[in-house]
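Notes for the one structure printed next.
Hydrogens, waters and symmetry mates play no part in the numbers below; they use all other heavy atoms, side chains included. In this text, all values refer to a predicted model and were calculated from it rather than measured experimentally. So you know, we letter chains A, B, ... as the sequences are listed, proteins then strands, and number each from 1.
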Amino acid sequence: MNNKEIAEIFWAIADILEIKDENFFRIRAYRRAAQNIENIADDINVLAREQRLNIPGVGADLARKIKELVETGRLAYFETLSQSLPAGLLQIMTIPGVGPKTTKLLYEQLKIDSVDALEKAAKNHEIAGLFGLKEKTEENILKGIALIRQSHEKILLPEAMRIAGLIIAEIKKVKEAKQISIAGSLRRQKETVRDIDILVGSNQPQKVTDAFMRSEVAAEVLARGATKSAIRTHEGIQVDMRVVAPDSFGAALVYFTGSKEHNIRIRELAKKKKLKINEYGVFEEEGGRCLAGRTEEDVYRILGLVYIEPELREDTREVEAAAAGKLPKLIKLKDVRGDLHVHSHWSDGTASIAAMAAAAQAKGYEYMVISDHSQWLGVAKGLTPGRLAQQKKEIEALNKKLKNFTILRGTEVDIKSDGTLDFADDVLSGLDIVLAAIHSGFKQSREQITERLVKAMQNPYVNIIVHPSGRLINERAAYDFDFEAVLNTAKKTNTALEVNCYPKRLDLDDRHVRKAKEAGVLIALGTDSHAPEQFNSMCLGVSVARRGWLEKKDVLNCLSCKELRKRIKKWI
DNA sequence: GCCGTTTTCGGCCCGACTGTTTTCAGTCG
């Protein structure tokens with residue numbers, strides 16, 4: 001049973017307890033634990049086995065429940081609890097606008113125990129007339145059901161940024177909008193987001209809201225209050241906007257950026273200092289004097305914290321680090337000096353090496369690695385050693401012509417299902433840099449896949465393992481492998497691990513990146529570009545790196561070309 | 001159910017909008 005599965009059970013327990021109207025704080029405790037279990041990259045099985053379950057929000061009781069789950073695959077408490085309510089009630093609770101109280105009411109009064117039954121009842125107008133419910137609620141329930149039946153995938157970062165950009169452009173036309181910022185999980189640069197949040201500083205909320213509603217992306221108005229409103233776009237994505245006075249913009253930005261857990265943490269901290277923090281500012285508990293609010297920096301400073309970058313605001317020890325002045329100085333896009341993973345039309349890319357080099361140079365890079373696929377990957381026109389030798393001539397000729405730019409000769413060599421590499425050592429030894437990757441056998445056992453990765457890293461010529469977990473967001477889960485074992489070998493063999501910047505990959509993910517840093521393993525950023533415009537996705541990899549607490553020194557391609565060549569040498 | 005620079009007991013973040021109400025509960029973020 002993995003972290004995700006155990007977290008799911010805790011989320012479900014919280015929902016059931018909520019329907020049963022149990023103690024709110026007990027419910028919150030389950031949710032907090034679930035969130036934290038999802039936030040760590042450590043394998044919870046290993047932690048449980050080695051008595052290392054010191055996860056925030058997990059006390060003696062939940063640790064015992066985790067152990068039970070890990071050891072038996074079941075949890076007696078959860079099974080008893082689930083049997084006390086129909087499973088369909090949890091589904092009903094996922095309908096927007098329908099919470100635990102309504103779910104309970106519907107079940108007790110009308111025996112509604114599934115989304116289908118609820119839909120039928122709403123259509124037959126059986127709901128209006130129940131205590132506190134009328135026709136409008138029936139309408140909203142039907143709308144909500146339609147919504148959850150659409151495919152409910154979270155959207156990828158670039159798509160969310162595109163939509164946010166269109167709305168911001170519209171709001172910018174309003175001269176009374178003094179400050180505009182994205183907020184929420186999008187500002188924290190999570191790899192996928194469920195909705196888009198926008199914050200505006202203005203003394204004329206009415207005018208700003210009008211512009212928001214007018215935006216061409218708006219398909220439907222979900223809520224419209226004096227300062228807070230929401231729309232749904234044609235793509236079905238919810239966009240929330242909040243307008244506050246410019247003097248409150250910083251406090252509101254902190255509040256609206258979240259995460260929820262981060263907000264709770266700093267509000268608790270404020271309380272200890274006899275302060276109250278809300279979206280309008282930081283106030284003295286007694287007297288209510290406002291001490292900060294205009295900028296985020298002010299808000300954090302009053303709390304005794306240095307500024308915390310949005311990407312770190314996940315309540316994963318960043319508040320403690322900020323209090324101790326030990327936050328990392330996060331890597332920035334402009335620190336990146338080259339791209340370590342680029343394809344050309346020699347394999348499955350669309351452009352020539354020269355065209356790719358020109359695009360990389362336009363990005364201000366000093367170098368790029370041409371890493372076309374190896375022969376085994378037939379679908380990608382993988383190169384034979386013969387064609388690799390021909391490619392060498394082309395690259396050497398280009399390098400002679402190029403000024404202040406170097407094309408490094410590499411390969412993305414396939415790690416075959418038996419763990420051997422697709423090129424012999426004498427082929428690999430002739431290259432500047434070697435990337436290795438798994439492209440097949442995703443369903444092999446944890447031991448087999450771990451062994452393949454470890455074996456590849458032990459090869460004296462392999463410098464980087466690319467897209468190490470093999471996941472495709474919303475499409476394919478990562479294959480199962482022992483990440484700690486991979487880190488240990490990476491450290492021992494001076495092998496870097498990639499953050500692949502392709503929007504659907506972002507692999508490693510932020511949690512694993514942070515573990516890699518803690519283990520002293522270098523990270524390589526590679527766009528995996530197959531066309532010139534794909535160099536743009538470097539910013540996504542940088543976001544993952546930032547969310548993983550990386551600094552410039554943790555990233556291989558923040559080095560100059562010369563330093564890079566030195567740094568990747570293997571000593572085994 | 002968790003947790004401790006007041007505490008091992010008694011706290012636990014804060015406010016807006018909707019739909020239903022005549023002052024609020026439920027839901028959401």
Side-chain angles (χ1 to χ4, degrees), chain A residues 10 13-14 17-19 21-36 53-66 77 92-106 127-141 143-144 183-186 188 193-199 205 209 221-230 238-244 248 251-252 254-283 285 303-304 315 319-320 323:
Chain A
F10 284 1
I13 290 175
L17 293 176
E18 203 166 30
I19 295 173
D21 204 18
E22 287 268 352
N23 181 300
F24 169 77
F25 296 105
R26 201 166 150 229
I27 295 163
R28 208 179 82 178
Y30 274 99
R31 296 209 168 115
R32 175 151 187 260
Q35 183 73 61
N36 287 334
L53 282 170
N54 52 346
I55 302 165
V58 174
D61 183 77
L62 291 186
R64 192 183 53 70
K65 289 192 167 83
I66 292 170
Y77 172 69
I92 290 176
M93 273 233 292
T94 65
I95 301 168
V98 181
K101 297 289 190 291
T102 311
T103 303
K104 189 181 182 199
L105 182 72
L106 291 167
I127 290 170
L130 286 186
F131 181 76
L133 303 180
K134 285 190 156 178
E135 286 79 5
K136 188 74 187 170
T137 310
E138 284 181 339
E139 258 175 56
N140 285 343
I141 285 173
K143 265 194 201 168
S185 53
L186 187 53
R188 303 200 308 280
V193 300
R194 207 177 284 287
D195 59 13
I196 295 170
D197 299 302
I198 294 178
L199 179 71
T209 307
V221 175
L222 298 176
R224 174 170 188 156
T227 66
K228 192 176 161 183
S229 46
Q238 183 171 336
V239 185
D240 297 331
M241 188 190 68
R242 184 78 189 264
V243 188
V244 297
S248 294
V254 171
Y255 151 75
F256 215 27
T257 298
S259 63
K260 193 171 155 192
E261 292 76 19
H262 175 85
N263 287 348
I264 290 176
R265 178 55 54 107
I266 61 172
R267 285 172 181 191
E268 282 169 355
L269 186 66
K271 219 167 168 175
K272 280 184 195 146
K273 294 177 185 288
K274 303 254 183 256
L275 300 170
K276 185 180 80 163
I277 171 166
N278 58 26
E279 58 261 57
Y280 304 112
V282 184
F283 301 88
E285 219 169 59
L303 298 175
D315 190 25
V319 176
E320 293 85 339

- [ ] Can you figure out which of dC2(B), dT27(B), dT6(B) approaches the side chain of Lys274(A) most closely?
- [x] dT6(B)

Open item on the list: Heavy atoms from C-beta onward define the side chain here; which of dG19(B), dG1(B), dT27(B) lies closest to that of Leu62(A)?
Closed with: dG1(B)

- [ ] Anything under 30° is parallel, anything over 60° is perpendicular, the rest tilted; go ahead and classify Tyr30(A) against Tyr77(A).
- [x] parallel

TODO: Return the value, rounded to whole Å, for the distance between atom CZ of Arg28(A) and atom P of dC13(B).
DONE: 4 Å

Task: Distance, P atom - from dT22(B) to dA16(B), rounded to whole angstrom - done: 23 Å

Open item on the list: Could you tell me how far dG11(B) sits from dT7(B) if I compare only their C1' atoms? Round to whole Å.
Closed with: 9 Å

- [ ] Tell me what Ile277(A) touches on the nucleic acid: a base, only sugar-phosphate, or nothing, going by heavy atoms under 4.0 Å.
- [x] sugar-phosphate

Open item on the list: So does His262(A) get a backbone contact from the side chain of Ser259(A), meaning a donor-acceptor N/O pair under 3.5 Å?
Closed with: yes

Open item on the list: Judged by each residue's nearest nucleotide on DNA chain B, which is more toward the 5′ side, Lys272(A) or Asp197(A)?
Closed with: Lys272(A)

Task: Distance in Å, Leu199(A) CG paired with Met241(A) CE, rounded so as to fall on 0.5 Å steps - done: 9.0 Å

Open item on the list: Please report the distance, rounded to the nearest Å, between CG in Leu130(A) and P in dG19(B).
Closed with: 17 Å

Task: Rounded distance [0.5 Å steps], CZ in Arg242(A) versus NZ in Lys228(A) - done: 6.5 Å

Task: Euclidean distance for C1', dA25(B) against dT20(B) (whole angstrom) - done: 9 Å

Open item on the list: Both Ala63(A) and Lys260(A) contact DNA chain B. Which one's nearest nucleotide lies toward the 5' end?
Closed with: Ala63(A)

- [ ] May I ask you to say what Lys65(A) touches in the nucleic acid, namely base, sugar-phosphate or nothing, with a heavy-atom cut-off under 4.0 Å?
- [x] sugar-phosphate

Task: Exam field: side chain Asn278(A) to backbone Gly281(A), donor-acceptor pair closer than 3.5 Å - done: yes

Open item on the list: Categorize Ser229(A) for me: base, sugar-phosphate, or nothing, with a 4.0 angstrom heavy-atom threshold over every strand shown.
Closed with: nothing

TODO: Ignoring hydrogens and angles, tell me if any N or O in the side chain of Thr103(A) forms a donor-acceptor pair with the backbone of Gly99(A) under 3.5 Å.
DONE: yes

TODO: Please round to the nearest 0.5 Å and tell me the distance separating atom CG of Leu269(A) and atom CD1 of Ile264(A).
DONE: 13.5 Å

Task: Residue Ala29(A), side-chain heavy atoms: nucleotide from dG15(B), dC12(B), dC2(B) that is nearest - done: dC2(B)

Task: Between dG1(B) and dT6(B) - P atom distance, rounded Å - done: 27 Å

Task: Nucleotide nearest Asn278(A) when distance is taken to its side chain, options dC13(B), dG15(B), dG1(B) - done: dG15(B)

TODO: Please check if the side chain of Asp195(A) supplies one atom and the backbone of Gln238(A) the other of a donor-acceptor pair under 3.5 Å.
DONE: no

Open item on the list: Taking the P atom in each of dC2(B) and dC13(B), what is the distance between them to the nearest angstrom?
Closed with: 16 Å

- [ ] Would you please confirm or rule out a distance under 4.0 Å between OP1 or OP2 of dG1(B) and any side-chain N or O of Arg26(A)?
- [x] yes

Task: Per Ala226(A) side chain, nearest of listed nucleotides dC13(B), dG1(B), dC17(B) - done: dC17(B)

Task: N or O in side chain of Thr102(A) less than 4.0 angstrom from dA25(B) OP1/OP2 - done: no

Task: Atom pair CD1/CG of Ile141(A) and Leu106(A) - distance to nearest 0.5 Å - done: 5.5 Å

Open item on the list: Can you tell me which nucleotide in dG19(B), dG29(B), dG15(B) comes closest to the side chain of Tyr280(A)?
Closed with: dG15(B)

Task: G-U wobble or Watson-Crick pairing nucleotide for dG19(B) (cut-off 3.5 Å, both distances) - done: dC24(B)

- [ ] For Ala230(A), report the nucleic acid contact type (base, sugar-phosphate, nothing); a contact means any heavy atom under 4.0 Å.
- [x] nothing

TODO: Examine dG19(B): is either OP1 or OP2 under 4.0 Å from a nitrogen or oxygen in the side chain of Asn140(A)? Give yes or no.
DONE: yes

Task: Any Lys276(A) side-chain nitrogen or oxygen under 4.0 Å from OP1 or OP2 of dG15(B) - done: yes

Open item on the list: Considering every strand and a 4.0 Å limit on heavy-atom distances, what is the contact class for Arg224(A): base, sugar-phosphate, or nothing?
Closed with: sugar-phosphate

Open item on the list: I want to check one thing: is the phosphate of dG15(B), taken as OP1 and OP2, less than 4.0 Å away from some side-chain N or O of Lys228(A)?
Closed with: no

Is there any protein nitrogen or oxygen under 3.5 Å from a nitrogen or oxygen in nucleotides 21-23 of chain B, and what are the pairs?
from    : atom 1 : to        : atom 2 : distance (Å)
dT21(B) : OP2    : Lys134(A) : NZ     : 3.2

Task: Nearest-Å distance for atom pair CD1/P, residues Ile19(A) and dT27(B) - done: 10 Å

Task: Options dG1(B), dA16(B), dT18(B), nucleotide nearest the side-chain atoms of Glu279(A) - done: dA16(B)

- [ ] Using atom CG of Leu105(A) as one end and atom P of dA25(B) as the other, report the distance to the nearest whole Å.
- [x] 15 Å

TODO: Under the salt bridge (charged side-chain N to carboxylate O under 4.0 Å, His left out) rule, what do Glu18(A) and Arg31(A) come out as? Steps first, then yes or no, please.
DONE: CA-CA 11 Å; Glu18(A) 203 166 30; Arg31(A) 296 209 168 115; 2.8 Å; yes

Open item on the list: Check this one for me: any side-chain N or O of Tyr255(A) less than 4.0 Å away from OP1 or OP2 of dC28(B)?
Closed with: no

Task: Between dA25(B) (C1') and Lys104(A) (NZ): distance, integer Å - done: 14 Å

Task: Any Asn263(A) side-chain nitrogen or oxygen under 4.0 Å from OP1 or OP2 of dC13(B) - done: no

TODO: Grab the CG-P distance between Asp240(A) and dT18(B) for me, whole Å please.
DONE: 12 Å

TODO: Measure the distance from CG on Leu303(A) to P on dC13(B) and round it to the nearest whole Å.
DONE: 15 Å

Task: Rounded distance (Å) that lies between atom P of dC28(B) and atom CZ of Arg31(A) - done: 10 Å

